[in-house]
K.L.:
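My questions all concern the structure below.
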Amino acid sequence: MFKAPRGAADVLPSEQRYWRYIESNAVAQCSLYGYHRIDTPIFEDAGLFVRTIGQGTDIVEKETYTFQDRGESLLTLRPEGTAPVCRAYIEHGMHNQPQPVKLYYFSSIFRYERPQSGRYREHHQFGYEAIGEADPALDAEVIDMAWQLYGSLGLTGLSLVLNSIGCRECRPRYLETLKRYYSEHLPQVCPDCRVRYEKNPLRLLDCKQESCQPVAGAAPRTADYLCAECSNHFASLQKYLGALGIALQVNHRLVRGLDYYTRTVFEVQPQEEGAQSTIGGGGRYDGLIQELGGQPTPAVGFATGIERIVLNLKRQNVEPPRTPSPSVFIASLGEAARSESVGIAGALRKSGIGALQGLGGKSLKAQLRQADAWGASFTIILGDDELRQGVVLIRDMKGGEQRSVPKDKLVAELGQLKMA
RNA sequence: GUGGGCGUAGCCCAGUGGUUUAAGGCGCCAGGUUGUGGCCCUGGAGAUCGAGGGUUCAAAUCCCUCCGCUCACCCCA
């Protein structure tokens with residue numbers, strides 16, 4: 001027996017309403033903020049992700065699905081959404097469009113890791129990128145849109161965590177200070193942190209090991225080492241978020257797992273304990289486009305995990321709308337009635353009325369059971385008697401009343417009933 | 001990659017060595033009306049008891065190995 005590969009899952013019909021609910025709310029937000037959809041390939045040149053996400057990051061180091069195709073190109077299944085969008089921005093000369101260029105996507109994301117609740121090898125993200133503008137008001141807008149999206153979905157108790165991790169100019173100075181500070185505390189710190197110290201010092205800050213908390217908590221703060229521009233940017237952003245009425249908490253230990261972020265980084269976190277602490281995150285990445293060979297271009301973006309939103313919707317008992325089933329069921333008895341019923345079903349659908357037929361020559365009882373199981377509002381009954389008289393029976397499934405209607409009036413009649 | 005929990009029908013699960021030809025519930029199918037649903041009643045289909053090996057007169061039940069699922073860590077969405 002074949003099973004879905006580890007960490008990959010079917011989204012079954014019964015789950016779809018969550019997904020469609022999220023998607024339609026997200027699309028609605030996108031149009032309010034002027035974003036246009038982009039779809040990028042599911043795989044990219046492997047180098048794209050190494051260049052952008054960073055050589056020392058976990059994603060690149062141990063989580064990518066990378067393979068050689070038959071033409072010996074080295075390809076990687078997309079492990080995140082931003083780099084491909086930036087690649088497309090450059091490849092299609094979007095710097096010639098009015099800036100910022102605002103793009104959104106829904107895409108599957110692949111990371112090779114041990115699956116657990118809210119974490120899969122294939123998962124799906126909704127994300128958006130605003131490319132070509134450095135104004136902190138744009139950062140605020142990006143954050144606002146994320147916040148509005150969660151709100152529109154009915155999620156509550158989320159918190160917005162914000163930090164600035166500086167830019168190419170001021171971050172090296174900060175990292176030096178951080179390393180100097182940690183060098184004195186290395187013996188007290190967990191083994192992982194000793195590795196981070198060498199490979200990715202920023203990550204020292206968000207170590208969750210109990211033993212590292214005192215050291216990390218007292219560490220120098222990025223915000224205290226920002227250059228004047230970064231500092232102003234961060235201050236303005238907070239002011240704008242205030243103007244939007246968005247409550248945020250600055251967390252000096254928030255850093256993100258991808259190397260390309262500059263200045264603004266933020267995450268949205270649900271209250272619930274345990275499981276995955278982040279539902280969505282993003283930030284500014286002013287160096288990324290240039291890193292990929294484009295003009296120096298500032299940009300800011302956000303991405304959120306669909307599976308994690310679904311998880312939280314369920315935890316909070318949010319009920320997305322159910323997709324309606326066809327409201328008319330046609331039960332027929334005998335072959336003559338059957339071919340009549342095929343025609344009726346077709347006519348109903350042509351006039352926009354969803355219709356299902358009883359199939360397989362089942363008894364009327366069985367067909368009514370089926371109609372009930374489908375939740376049909378009306379069942380049309382058609383047998384030899386009705387055929388002879390040129391009528392059909394319309395049965396109201398709610399109360400069980402039924403009456404006969406001339407065959408040629410059926411479509412009009414049902415149209416009326418549906419209105420009522 | 002590391003650690004914990006768990007694997008009995010589509011789903012939830014009883015059964016911890018011998019009346020088990022593996023029970024029950026949900027769901028599915030059919031019948032209870034000569035052409036009438038939802039409730040009820042009756043019947044039916046559906047399980048190589050995760051896989052392989054071992055112990056035993058006897059294994060779903062004990063032992064070993066493997067596989068899978070799940071939760072957590074790392075990290076992230």
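Keep in mind it's a predicted model, so treat the numbers as computed, not measured. Just so it is clear, the values below take in all heavy atoms, side chains as well, and ignore hydrogens, waters and symmetry mates. Residue numbers start from 1 in every chain, and the chains themselves are labelled A, B, ... in the order their sequence lines are given, proteins ahead of strands.
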K.L.:
Tell me the interatomic distance from Ile22(A), atom CD1, to A77(B), atom C1', rounded to whole angstroms.
P.N.:
12 Å
K.L.:
Does a nitrogen or oxygen in the side chain of Arg6(A) sit under 4.0 Å from OP1 or OP2 of C69(B)?
P.N.:
yes
K.L.:
Aromatic rings Phe43(A) and Phe67(A): how do their planes relate, parallel, tilted or perpendicular, breaks at 30° and 60°?
P.N.:
perpendicular
K.L.:
Using the C1' atom as the reference point in each nucleotide, state the distance between C12(B) and C73(B) in Å, no decimals.
P.N.:
31 Å
K.L.:
Is the distance from OP1 or OP2 of C71(B) to the nearest side-chain N or O of Ser117(A) less than 4.0 Å?
P.N.:
yes
K.L.:
Check the phosphate of C73(B) against Gln116(A), side-chain N and O only, distance under 4.0 Å to OP1 or OP2. Yes or no?
P.N.:
yes
K.L.:
Would you say the base of G38(B) and the side-chain of Arg369(A) have a donor-acceptor pair closer than 3.5 Å?
P.N.:
no
K.L.:
Can you find a side chain N or O atom of Lys365(A) that sits less than 4.0 Å from OP1 or OP2 on G35(B)?
P.N.:
no
K.L.:
Given the structure, check if the side chain of Glu267(A) and the base of A77(B) hold any donor-acceptor pair shorter than 3.5 Å.
P.N.:
no
K.L.:
Just to be sure I understand the rule, does Gln402(A) reach a base, reach only the sugar-phosphate, or reach nothing, if contact means heavy atoms closer than 4.0 Å?
P.N.:
base
K.L.:
Using OP1 and OP2 only, check whether a side-chain N or O of Ser363(A) sits under 4.0 Å from G31(B).
P.N.:
yes
K.L.:
Base, sugar-phosphate or nothing for Ile279(A)? Non-hydrogen atoms, less than 4.0 Å.
P.N.:
sugar-phosphate
